[in-house]
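First the structure, in the form of structure tokens, and then the observations on it.
Remember, it's 1-based here, ligands and their atoms both numbered in the order they're listed. Just so it is clear, the values below take in all heavy atoms, side chains as well, and ignore hydrogens, waters and symmetry mates. Note that the structure is predicted; figures quoted are calculated from it, not measured.
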Amino acid sequence: MKVLVINAGSSSLKYQLIDMDTEKAIAKGGCERIGLEGSFCKHKAKGVEKVINAPMPTHKEAIQVVLDALVDKEYGAISSMKEIDAVGHRIVHSGEAFDKSALLTDENMAIIESLSELAPLHQPANIIGVKACKAIMPNVPMVGVFDTAFHSTMPEKAYIYGIPYEAYTKHKIRRYGFHGTSHKFVSEEAAKYLGRENDENFKVITMHLGNGSSISAVKGGKSMDTSMSFTPLGGVPMGTRSGDLDPAIVEFLANKYNMTLAETLTYLNKKSGVSGLSGVSSDFRDLSEAAKNGNHRAALALDVFTYSCKKYLGAYAAALGGADCVVFTAGIGEHDKNVRAAIAENMEYMGIKIDADKNANIGDGITEISADDSKVKVLVIPTNEELVIARDTLRLAK
Ligand code: ADP
């Protein structure tokens, strides 16, 4: 069985074709500049990377380019489109309508479209991707896997804000949380690794630290709280996103810089975080380099980030009544030993102790980096959101 995983953005479309017998990607790539001049697709299969320049006025042409690439005699991965058994789509928002992945029937698509106002930058692009796929592959089952669904188990006290209750009942303003497929994947992998599958008391704090970062408290496989919020702007400061702020800052900023509300949100989404703080970069490799060379603002940006993550670690241990395990994942979590060390520093009182050598030698799979006498297991686990999407897709398509 082979599953095509699609992640459609407003002008991009990333894909992976996964062979479900081995759970390995046999082809992957991405189309960029959809709807613009100079659109192209970077396709990789059989160890060869190919750049395909082709006009892609809409996502439909982009999907066609991807399918043509997948069956290409020279650089393809399959002999015919018939080998694609199902397509899994990453969908940002499930609102309160779905608590798990769902078949993309016309009825479910209507619900997904009605949720667009909750994620106006991403949901419409996801929907366009689904429609384009359906038009070209009308007989292939399509499944939607939501970024928010894993967090549907949060208790009310974790998702309700301290504003009038009608804002929730009338306008659906609440914490939703994101990166759900990643938090689900790594928390399950951690439970398996530690022999705690199906253990309702297994408490793990998952730190997905990448361009976008979020931290979750997971108990017995269920999300109990998470740092991203109504939108992916909330929580810890990120590459270019501010993370949590005093809400009064929004108006103050708008007045000081003479910005509209929309411009102020762009400022908080695109110009803030460690990039805005450091004035150097949103990439943690650049920040460490600059900090090493004495750049105070780069060092400060790293401090602000790791301090914020550390506070969530403490908060979620309090929320869960302790923690059995902490997981680091995503670009920074998997690759930046200094960030991991800074977050876990001085937390021995809570049973968290990292072994410096183990932390500096991360393998390909799961790496345990806690010291032998650490009460809490600390693991680095490479995330694989595409695999979660493919597994759910296969299960539902069957
Ligand atoms: P996303 O999927 O959200 O775009 P990733 O999870 O791929 O992001 O994370 C990307 C970030 O990971 C980069 O911006 C960079 O800061 C960080 N990163 C990647 N590799 C390394 C590394 N070797 N050392 C430190 N940071 C790294």
Problem - For S114, all residues meeting side chain to side chain contact (heavy atoms under 4.5 Å, CB included), sequence neighbours excluded - result: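 Residues passing side chain to side chain contact (heavy atoms under 4.5 Å, CB included) with S114: I111.
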Exercise for the section: Just say parallel, tilted or perpendicular for the rings of Y267 and Y257, cut-offs at 30° and 60°. Expected result: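 Y267 and Y257: tilted rings.
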Practice task
Report the residue from L70, D68, I63 that forms a side-chain contact (heavy atoms from CB on, under 4.5 Å) with V66.
Solution key: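 With V66 as partner, side-chain contact (heavy atoms from CB on, under 4.5 Å) holds for just one option, L70.
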Practice task
With sequence neighbours excluded, tell me which residues meet ring-ring contact (aromatic ring centres under 6.0 Å, His included) with F150.
Solution key: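 For F150 there are no ring-ring contact (aromatic ring centres under 6.0 Å, His included) partners, ignoring immediate neighbours.
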Exercise for the section: For ligand 1, would you mind listing the residues that have at least one heavy atom less than 4.0 Å away, ordered by chain and number? Expected result: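 For ligand 1, the residues that come within the 4.0 Å heavy-atom cutoff are G210, N211, G212, D283, F284, R285, A330, G331, I332, H335, D336.
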Exercise for the section: May I have all residue pairs that pass ring pair (Phe, Tyr, Trp, His ring centres under 6.0 Å) and include part of residues 204-231, sequence neighbours excluded? Expected result: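 The answer is H179-H208.
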Problem - Centroid separation H151 to F178 less than 6.0 Å - result: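 No, too far apart.
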